[in-house]
Every structure is written in structure tokens, then in C-alpha cells.
Amino acid sequence: MKHSLSLWMILLMVVSSVMALPVETTFKEFHPGVFEEIKSASGVWNVLSGQAEISAAYSHSETHCLHLMGGAETRVLFKPATREGTRMTFYAERWTSRTPFQFKVEGWQDGRWVTLYEGSESIRVGARFLSRVDIELPQPPPEKYLFICSAPDNTGLLIDDLTIKTPVDMHLESVLAYQWRVPALINKPANPVLQILVKTTGELQPIKLRSIAVDTLGTTQLGDLESVRLFGTGASENFNDQQPVGIEQDPADTIIFTLDDPVLMDGKNYFWVSYQLKTAADLMHRVQAGCQKVVFDNGTVVKPTRTNVPAPLRIGYALRQAGQDGCHTYRIPGLATTNQGTLIAVYDIRWESSGDLPGNIDIGMSRSVDGGQSWEPMRTIMDMGDSKAFRGDGIGDPAVLVDRATGTVWVAAVWSHGNRGWHGSGPGMTPDETGQLMLVRSDDDGLSWSEPINITQQVKKPEWCFLLQGPGNGITMRGGTLVFAAQYQDQPENGRLPHATILYSRDHGNSWHLGTGVISDTTEAQVVELDDGALMLNMRDNRNGKDKGANNGRSVYITRDMGQTWTEHFSSRGALPEPVCMASLVRFCSKKDGFKESVLLFSNPDSKYARDHMTIKASLDEGISWPYQLLLYERPGFGYSCMTVVDEDHVGILYEGIRELYYEKISIQEILGDVILK
């Protein structure tokens with residue numbers, strides 16, 4: 001009897017301890033999509049009105065989050081598995097700055113709904129879950145909760161990492177160091193070179209930090225650094241959300257940042273070591289950072305555990321930054337090398353927002369005569385006006401091409417007179433009906449530019465809805481023909497389906513011609529001439545947004561008759577995965593030009609699902625396989641890129657961050673390793 005009683009008491013203690021566990025959910029256990037009811041060990045979620053979904057596109061941590069969708073008022077009921085805890089916390093992101101917007105949390109208490117939190121004004125707008133909501137719960141805690149959101153259509157509120165628990169004393173779990181594969185950029189006041197993550201549990205008697213000791217070991221030349229700073233603390237992993245802590249210091253082998261006892265939060269606390277580079281920092285040098293120790297106020301000293309293999313970071317150049325020269329966003333990079341070795345970079349100057357045409361958008365140009373080590377001030381080379389009556393008369397999506405025979409530099413872009421962009425352009429030929437395909441030229445190595453030349457009448461069919469260039473860059477074939485990649489939208493009765501193709505000139509730009517469409521639902525292509533004289537067109541395939549399976553990848557086709565007929569290439573839709581995004585394709589060298597190998601280079605976000613991991617890949621078999629890879633930028637960005645051959649030893653790439661453009665100069669041997677080219 002005693003034995004049975006003891007066993008019963010043990011079981012009761014186990015059950016009680018389980019019941020006392022906190023309610024925690026990151027939503028990663030749920031399948032993505034719209035739902036009416038979902039269940040897990042943490043509780044049951046029911047949609048009472050409006051619409052909600054589990055989103056796999058956004059998260060504060062892990063992979064998924066809860067999205068209370070806009071439109072009609074959304075009311076989601078949550079009944080936790082246990083009725084325990086004194087505090088509810090979660091991270092939130094308001095998905096619109098438009099009004100009306102309302103968000104609140106109610107609890108069922110004493111037979112009625114009681115407002116626990118009103119967040120209509122306090123939840124911050126913008127990505128990265130900037131708001132941490134902390135709600136003190138009445139006791140006993142409510143048996144169920146109601147999340148209520150009202151917002152405009154196609155907006156709403158995101159919620160992640162919801163916890164209901166009773167605070168306990170704080171304990172240190174771990175100190176981790178991680179180095180994101182991103183370049184340190186000239187012109188940037190702050191460059192994150194090392195992330196330090198301090199993990200804690202508990203909120204009572206919080207732990208404080210005293211100092212962090214870092215080193216610069218592995219940096220090629222300490223003289224490349226202007227200053228070193230420490231940023232933190234915050235629960236957001238994004239560096240842009242952090243604030244400086246400690247005093248800015250001069251570069252040294254070892255640097256100790258003394259902190260003014262910052263109190264740590266329950267959970268994740270991020271710190272970042274940041275470098276500011278000198279303007280003269282060498283693009284071929286490297287920088288590195290390490291963390292020797294983290295000292296806490298109780299005397300605890302911890303050497304962080306490295307969570308990835310440390311490697312020196314490349315040095316790049318922040319060519320255009322968000323807000324620079326009064327511009328909201330810089331997008332759509334094009335890059336080419338002139339016959340004199342000058343780099344010509346072109347891009348959208350999106351003055352008022354990051355959105356596509358229509359809008360107040362011009363074409364900007366930057367010029368470098370030293371391989372990208374320095375750049376001349378930006379110039380506007382295509383500006384069709386800024387009339388509000390015509391939505392800014394924007395012109396965008398540039399592509400640049402150098403005529404190797406004459407030295408002329410051509411830039412193609414599309415003009416939207418009013419709502420004549422991707423969705424508003426229609427059949428017809430005039431600016432009032434459809435987008436206009438425009439060119440400018442420079443005959444003096446990019447120092448001066450012509451007035452815009454309209455070639456729409458030469459190449460567009462009246463029934464098509466839209467015609468535009470690549471974007472990116474074009475080529476001069478060995479025989480002298482100029483070739484841009486292009487794309488058009490079919491007539492409305494054919495569903496406005498887009499088709500990639502080529503735009504070419506056999507008389508150095510005096511007249512232009514268009515090939516036939518390759519396959520439907522392809523856009524933003526790049527073209528290269530193969531060793532046998534055929535043209536390879538590598539295309540963004542919009543079907544990849546619907547098919548994330550084995551067939552996901554760039555579409556690749558070949559033409560031997562200037563785009564009159566097309567043949568699918570062996571690598572099509574299999575060799576080069578993409579997250580539905582523009583990419584770049586260039587020939588670096590050819591056996592026909594006296595090299596030992598023929599090398600094609602390709603760049604894009606190396607992912608099927610997100611625009612991150614900007615990577616250069618190389619092929620030695622004319623695009624059949626791509627075994628050589630170099631990761632440039634691990635973090636998310638807008639994803640577009642454009643490459644050019646700088647010289648016989650280097651390739652240059654211009655690619656998008658978030659509303660910004662970054663340039664890197666890369667040794668071909670860094671990509672190919674021991675492959676001999678000369």
C-alpha cells in the first residue's frame with residue numbers, strides 16, 4: 001500500500017510539473033497556409049472571423065509565423081493547453097502603415113472578455129518583428145485569449161514566438177559567435193563582421209554584461225580599418241535594428257569594449273562587432289574579427305563558441321546606399337567594361353519608393369576608371385520627366401552593352417508614360433498606350449550621353465502589351481552583332497503571358513530587330529555567345545514560383561539563327577536553382593581567345609525559396625554543369641546582380657542589398673581554384 005501511494009504521488013508530481021511548463025510556440029510545427037483550426041501541444045487556435053494563415057515566408061525565429069490577414073476584422077481564438085503563467089510575450093510586425101489599423105489582445109476572465117493589450121499605436125511597421133509585446137496577466141490567468149486585428153486588404157499583422165509563463169531567476173545558457181558571409185563595404189559607416197549571441201533563460205534578477213574583448217586577427221592590413229564599434233543589445237537578429245554600445249575605438253590587435261552594465265533580456269541578446277573602412281581600403285584585402293571573451297557582472301568569463309568556421313571577409317564598395325542623394329531606393333544593376341577598361345554601372349534611381357514602374361524613376365550611371373576601387377559621382381543619364389499627372393514619367397530596368405568594334409556604350413531602358421509599366425501597359429505603339437523601349441548612347445567612354453532614342457516602332461508588335469530589355473547587360477558577338485536580352489507580354493486574349501527573347505543589331509545600333517519568344521512565363525534573361533557561335537539565353541522562369549520541386553531552376557535555351565528558333569538546353573530547369581529572380585550570365589574567357597579553358601560565370605541568389613546567398617558559379621563545359629561556387633552575400637537582399645570581366649584576372653559584380661547596390665572585385669582564381677587559364 002505504501003509502495004502504491006508513493007508511486008501515485010510521483011505520478012502526480014510528474015503531471016503537475018508538466019502542467020506547469022510554459023506555453024511556447026514558434027508556429028514552425030504547423031503546415032503553411034490558411035487555416036480554420038490548428039492544434040498542437042501548446043494549445044488550439046481557431047479563426048472566428050476574417051482570415052488567418054501560417055506563413056512560411058516570414059518569422060522572428062525558426063521558420064514560420066502567424067499572420068492575421070487584412071480586410072475584414074480577423075478574430076483568432078487561442079485556448080492554451082495549460083492555464084498557467086503570469087506573463088504573455090510575443091514578437092509582432094505590423095504589415096502596413098496605412099489606416100485604419102487596430103490590434104488588441106483580450107482574455108476570458110470571470111465570464112467576460114477583458115482587454116489585456118492595446119497595440120494599435122505601439123506595434124511598429126516594418127520587417128524583422130521590431131515589436132516585443134509583454135503582457136502582465138491577471139490571476140488566475142485567462143482560460144482563453146482573443147487576438148483581434150483590423151487592417152487594409154492584403155496587409156495585417158505577423159506574430160511569432162508566443163510564450164505564456166511565470167518569470168524565474170535568469171540563468172546564462174550559452175555565448176555563441178557567428179560570422180555572416182557578407183563583405184565589409186567601403187563608404188558604409190558600419191559593417192557587421194561578427195555576431196555575438198548571449199542566450200539566457202528567466203527574467204528575474206537579470207544578468208548584466210561588463211565587457212567584451214574582440215580581436216582583429218586575420219585582417220590583411222590593419223590600416224584598412226578606420227574604426228571599430230560594438231552594437232547591441234536587442235532580441236532582433238538584424239544588424240540594422242541595433243544601437244551602438246561602448247565607445248568607438250581605434251583599430252588594434254585586441255580591443256576591449258567596457259559596457260555600462262547593460263541588462264540582458266530573457267532569451268536571445270545580440271551584439272555585433274562592426275568595422276568602418278577607410279576609403280582607400282584595398283578591394284583585394286580581407287578583414288576578420290574574433291571574440292576572445294565575454295565578462296559578466298558576477299565575474300563569469302566565457303569564451304564564445306564558434307557556430308561556423310571563421311573565414312576572412314571580402315572588402316566591397318557600397319556604390320549606392322538607400323537615402324543617398326535624396327533617393328529612397330537604388331535597384332536593378334547593370335554593369336559593363338568599356339574598351340578602355342572603364343566600368344560603367346547603371347541602375348534605377350527610385351526617388352520615392354522601392355516599387356517598380358510606374359513611378360518617379362530615372363536611370364543613374366556611375367563610372368570607375370580603376371577597376372571599381374573608386375567611383376565618380378552618380379549622374380542621371382535617362383530622365384523622362386517627373387509629372388505627377390503621368391505618375392512620374394518613370395524609366396527603368398536598365399541594361400548596358402559595349403560595342404567592341406566602335407567603343408560605343410549603349411543603355412536600354414523602358415519608359416512608362418503614366419501607368420504603362422508591367423501591369424498597366426497595353427496593346428498599341430504610342431506612349432499613351434504602351435511602355436516605350438528607349439536607348440541612350442555614349443561615344444566617349446561614358447563621359448557624355450545622347451538624348452533618349454525611341455525604338456519601339458522598330459521592334460514591338462502592336463498587339464503585344466509590353467516590350468522591354470533584359471535587364472543587366474548585353475554582348476557583342478564575335479561577328480560584331482550587338483545583342484540584348486529582351487522580354488515581351490503577349491496580347492490580352494493570350495493572358496498577357498511573358499516571353500523572353502533577344503534584341504539585336506547588325507549595324508552597330510542604327511537599326512534593331514527582335515527574335516521570337518522562347519517559352520511562356522519567362523522574363524528577365526541574360527545572353528551569352530557559346531564557343532560554337534550559338535547564343536544561350538538564361539531566363540527567369542516564373543513557373544518556379546508555383547513549382548518548388550525538382551524542376552525548379554532557370555530555363556536555358558539555345559538559338560543558332562538569331563532567335564528565330566529555340567532549342568532547350570540540357571541544363572534547363574535543373575542545373576541552376578532560383579527563387580524567381582533576375583540573374584547574370586557572362587563569358588569570362590574562351591579557348592578561341594587563347595585561354596586553356598572556356599569559362600562561363602553565373603550569379604544569382606542560390607536558393608529555391610528566398611533571395612539570399614548571392615553566389616557566383618562557374619562552368620567549364622559551356623553551361624552543362626556548374627561545379628565551382630563562391631558565396632558572396634549570405635543575408636537576404638533584393639536579389640538582382642550583374643557581372644562584367646574587369647581584366648584577364650578579375651570579374652566585377654554589382655548586386656542588390658536592401659534598397660542598395662554593392663560592388664565586389666573578385667579574382668577568377670578564387671572561384672576556380674587550381675584551374676589553369678593561361
Under a 3.5 Å cutoff, is there a donor and acceptor pairing between the side chains of [X] and [Y]?
X    : Y    : answer
R543 : N552 : no
D606 : H613 : no
S641 : S603 : yes
T89  : D134 : no
Q221 : H285 : no
R350 : T329 : no
T522 : S555 : no
D348 : Y330 : no

Taking ring pair (Phe, Tyr, Trp, His ring centres under 6.0 Å) as the test, write out the residues that go with [X], two or more places apart.
X    : answer
F27  : W45
Y633 : Y655, Y662
F231 : F239
F595 : none

Non-neighbouring partners of D160 that pass salt bridge (Lys or Arg N to Asp or Glu O under 4.0 Å), sequence neighbours left out: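 In terms of salt bridge (Lys or Arg N to Asp or Glu O under 4.0 Å), with neighbours along the sequence ignored, D160 is linked to no residue.
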Partners passing salt bridge (Lys or Arg N to Asp or Glu O under 4.0 Å) against E248 (at least two apart in sequence or in another chain):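 Counting only residues at least two positions away or on another chain, E248 forms no salt bridge (Lys or Arg N to Asp or Glu O under 4.0 Å).
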Sequence-distant partners of Y58, side-chain hydrogen bond (donor to acceptor under 3.5 Å, both in side chains), two or more places apart: none
Which residues share a side-chain hydrogen bond (donor to acceptor under 3.5 Å, both in side chains) with S55, sequence neighbours left out: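 So S55 forms no side-chain hydrogen bond (donor to acceptor under 3.5 Å, both in side chains) with any residue.
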Of Y663, W375, Y347, the residue whose pairing with S366 passes side-chain hydrogen bond (donor to acceptor under 3.5 Å, both in side chains):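 The single option meeting the side-chain hydrogen bond (donor to acceptor under 3.5 Å, both in side chains) with S366 is Y347.
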Y640 six-ring centre to R331 NZ/CZ under 6.0 Å and within 45° of normal: yes
R554 side chain to N538 backbone, donor-acceptor under 3.5 Å: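 Present.
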Can you give me the closest heavy-atom contact between [X] and [Y], atom names plus distance?
X    : Y    : answer
S368 : G371 : OG-N, 3.8 Å
V645 : D647 : CG1-O, 3.3 Å
L204 : P167 : CD1-O, 3.8 Å
A92  : V133 : CB-CG2, 4.5 Å
P206 : V263 : CB-CG1, 3.4 Å
S598 : S590 : OG-CA, 3.6 Å

For residues 305-315, run the donor-acceptor check on the side chains, cut-off 3.5 Å, and write out each pair with its distance to 0.1 Å, sequence neighbours left out.
residue, atom, partner, partner atom, Å
T307, OG1, A177, O, 3.1
N308, OD1, Q179, N, 3.3
N308, ND2, Q179, O, 2.8
R314, NE, E664, OE1, 2.7
R314, NH1, E670, OE1, 2.5
R314, NH1, E670, OE2, 3.1
R314, NH2, K665, O, 2.4

More than 12 heavy atoms from other groups under 6.0 Å of CG on L222: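 Above 12, so yes.
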D260 atom CG, neighbour heavy-atom count above 12 within 6.0 Å: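 Count not over threshold, so no.
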R540/E524 under salt bridge (charged side-chain N to carboxylate O under 4.0 Å, His left out): CA gap, chis, key distance, verdict: CA-CA 5 Å; R540 167 175 170 163; E524 297 177 330; 2.7 Å; yes
Output yes when [X] and [Y] qualify as a salt bridge under the 4.0 Å nitrogen-oxygen rule, no when they do not.
X    : Y    : result
K591 : D531 : no
K28  : E62  : yes
R367 : E376 : yes
E622 : R587 : yes
K165 : D266 : yes

Partners passing side-chain contact (heavy atoms from CB on, under 4.5 Å) against I624 (at least two apart in sequence or in another chain):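 If we apply the side-chain contact (heavy atoms from CB on, under 4.5 Å) test to I624, skipping adjacent residues, the hits are H569, F570, D621.
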Show the atom names and distances, to 0.1 Å, of all donor-acceptor pairs under 3.5 Å that link a side chain in residues 188-197 to residues at least two apart or in another chain.
residue, atom, partner, partner atom, Å
K188, NZ, E660, OE1, 2.8
K188, NZ, E660, OE2, 3.3
N191, OD1, L185, N, 2.8
N191, ND2, L185, O, 3.1
N191, ND2, Y275, O, 3.1

Evaluation steps, side chain to side chain contact (heavy atoms under 4.5 Å, CB included), between F588 and L600: CA-CA 6 Å; F588 185 84; L600 296 180; over 6 Å; no
Steps toward side chain to side chain contact (heavy atoms under 4.5 Å, CB included) verdict (S607, E578): CA-CA 5 Å; S607 170; E578 69 155 1; over 6 Å; no
Residue pairs fulfilling salt bridge (Lys or Arg N to Asp or Glu O under 4.0 Å) with at least one residue in residues 211-220, sequence neighbours excluded: none
Between W272 and Y270, ring centroids under 6.0 Å: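 Not under 6.0 Å, so no.
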